[in-house]
Amino acid sequence: MYRSGAVMAWNVFKFCTALRGLGSIMILLVLGVVGVSYYAVVITNYGPGLAAGGLDSLIAFIVLILFHCLLVMLLWSYFSVVFTDPGGVPPNWRPAVDEERGDSDPLTASEFPPESENGRIRFCRKCNQLKPPRCHHCSVCGRCILKMDHHCVWVVNCVGALNYKYFLLFLFYTFLETTLVTLSLLPHFIAFFSDGEIPGTPGTLATTFLAFVLNLAFALSVMGFLIMHISLVAGNTTTIEAYEKKTTPKWRYDLGRKRNFEQVFGMDKKYWFVPAYSEEDLRRMPALQGFEYPSKPDLDSQEF
């Protein structure tokens, strides 16, 4: 029994190490899909259409404007997720107040040994330190992440308190962009199965076909993830918390859909659709920092 447990731990460690090694490969894959789509839409099909004149020129202009605007927002959101720290626990972090006892003295580590938990205050055995509310340990990153949602291989980073909004915007703009590319290339894809002659070289035709298939696949898959995360935001929960509280009828952090949305996107509407927060929101909303979250007083005993 002991030996199988050791083998299992070793295999999990190898799996986590492999995920870390996928980093640059996944980024190159994302950029590769973007490059194929750009070549098919801009270089091969709609760029030359600008000189056609008439309605075709107008359609090409609209498609290209939308394509480039969505592409900018997609890449901005994507690299914001990649390069933004999701939020880690500072060394020797302690709650400022012992809310359980009503004391104002900071808690000490000796009060909460690794083998025990005290209600709302939790201890991470792997990091050997206390964990703030809604914090979970990531085996891939090897540290505790504030309000951890999941570790995403596509962004080569954890998705947590400080970059969850950017991840949602990445999903949103990816869905819009891939849908636009799919619809704009649909007539050219249908032409592959017609009896008429198709203009273009074998290389450009193959790129158009590949771009259509890739974008259709991504649009459908991202739509599912987007719907799932919209439901999570509406309930002010994360992927991990949704799994852990599946038997809990009420959730202490569910403040209503409007306030739940603001806990992720902020209160300043001008910043809702860009991967950034206003300074005022960062100052007045502690939840955006990942350490404190407003909750329902009658459910304060819950903790995950």
Side-chain angles (χ1 to χ4, degrees), residues 22-82 150 152-157 159 166-233 273-275:
L22 283 176
S24 58
I25 297 177
M26 301 308 292
I27 293 178
L28 291 176
L29 181 58
V30 170
L31 294 179
V33 174
V34 170
V36 169
S37 302
Y38 193 92
Y39 184 83
V41 174
V42 178
I43 307 299
T44 301
N45 294 292
Y46 287 91
L50 289 174
L55 182 60
D56 290 341
S57 181
L58 177 61
I59 293 175
F61 178 77
I62 294 174
V63 169
L64 291 174
I65 290 295
L66 290 175
F67 178 87
H68 283 92
C69 289
L70 291 176
L71 181 61
V72 169
M73 296 307 299
L74 186 159
L75 292 177
W76 184 10
S77 301
Y78 178 70
F79 285 110
S80 293
V81 186
V82 172
H150 68 290
C152 181
V153 295
W154 288 99
V155 301
V156 203
N157 199 1
V159 177
Y166 309 158
F167 175 75
L168 295 177
L169 290 176
F170 167 59
L171 291 181
F172 176 68
Y173 289 119
T174 298
F175 173 70
L176 294 182
E177 179 79 332
T178 53
T179 301
L180 173 67
V181 174
T182 300
L183 294 177
S184 63
L185 295 181
L186 181 59
H188 304 279
F189 180 79
I190 295 176
F192 281 105
F193 304 97
S194 65
D195 297 330
E197 183 178 350
I198 306 175
T201 65
T204 58
L205 296 178
T207 304
T208 299
F209 187 91
L210 178 62
F212 175 85
V213 172
L214 286 175
N215 280 273
L216 176 61
F218 274 102
L220 294 175
S221 60
V222 169
M223 180 176 65
F225 282 110
L226 189 58
I227 292 174
M228 182 190 76
H229 280 282
I230 288 174
S231 67
L232 292 176
V233 172
F273 294 98
V274 295

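Numbers here are sequence positions counted from 1.
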> Could you tell me whether the side chain of Asn157 reaches within less than 4.5 Å of the side chain of Val82, counting heavy atoms only?
no

> So, using ring pair (Phe, Tyr, Trp, His ring centres under 6.0 Å) as the criterion, who are the partners of Phe212 when residues are at least two apart?
Phe189

> Suppose we screen for ring pair (Phe, Tyr, Trp, His ring centres under 6.0 Å). Which residues come up paired with Tyr39, at least two apart in sequence or across chains?
none

> Taking all heavy atoms of Val36 and all of Thr207, pick out the closest pair and write down the distance.
O-CG2, 3.9 Å

> Minimum heavy-atom separation for Pro187 to Leu183, with atom names?
CD-O, 3.5 Å

> If a pair satisfies side-chain hydrogen bond (donor to acceptor under 3.5 Å, both in side chains) and one of its residues is in residues 175-189, list it, with sequence neighbours excluded.
Asn45-His188

> Which pairs of donor and acceptor atoms, one on a side chain in residues 72-80, lie under 3.5 Å apart (sequence neighbours left out)?
residue	atom	partner	partner atom	Å
Ser77	OG	Met73	O	2.9
Tyr78	OH	Trp154	O	2.7
Ser80	OG	Trp76	O	2.7

> Rounded to the nearest 0.5 Å, what separation is found between the CG atom of Leu58 and the CG atom of Leu50?
10.0 Å

> Which pairs would a plain distance check flag for residues 169-176, meaning a side-chain donor or acceptor within less than 3.5 Å of a matching protein atom at least two apart in sequence or in another chain?
residue	atom	partner	partner atom	Å
Tyr173	OH	Phe273	O	2.6
Thr174	OG1	Phe170	O	2.6

> Let me check something: any side-chain donor-acceptor pairs from residues 221-229 under 3.5 Å, sequence neighbours excluded? List them with distances.
residue	atom	partner	partner atom	Å
Ser221	OG	Ala217	O	3.1
Ser221	OG	Phe218	O	3.1
His229	ND1	Tyr164	OH	3.0

> Applying side-chain contact (heavy atoms from CB on, under 4.5 Å), can you list everything that pairs with His68, at least two apart in sequence or on another chain?
Tyr38, Val42, Leu64

> Pick one: which of Leu186, Val41, Leu216 meets side-chain contact (heavy atoms from CB on, under 4.5 Å) with Val181?
Val41

> With sequence neighbours excluded, give me every side-chain hydrogen bond (donor to acceptor under 3.5 Å, both in side chains) pair touching residues 46-66.
none

> According to side chain to side chain donor-acceptor pair (under 3.5 Å), who are the partners of Asn215, at least two apart in sequence or on a separate chain?
Ser37

> Could you pull out all residues at least two apart from Ile65 that satisfy side-chain contact (heavy atoms from CB on, under 4.5 Å)?
Phe61, Cys69

> Of all heavy-atom pairs between Tyr166 and Pro275, which one has the smallest distance, and what is that distance?
CE2-C, 3.3 Å

> Apply side chain to side chain donor-acceptor pair (under 3.5 Å) to Thr204 and list each qualifying residue two or more places apart in sequence or on a separate chain.
Thr201

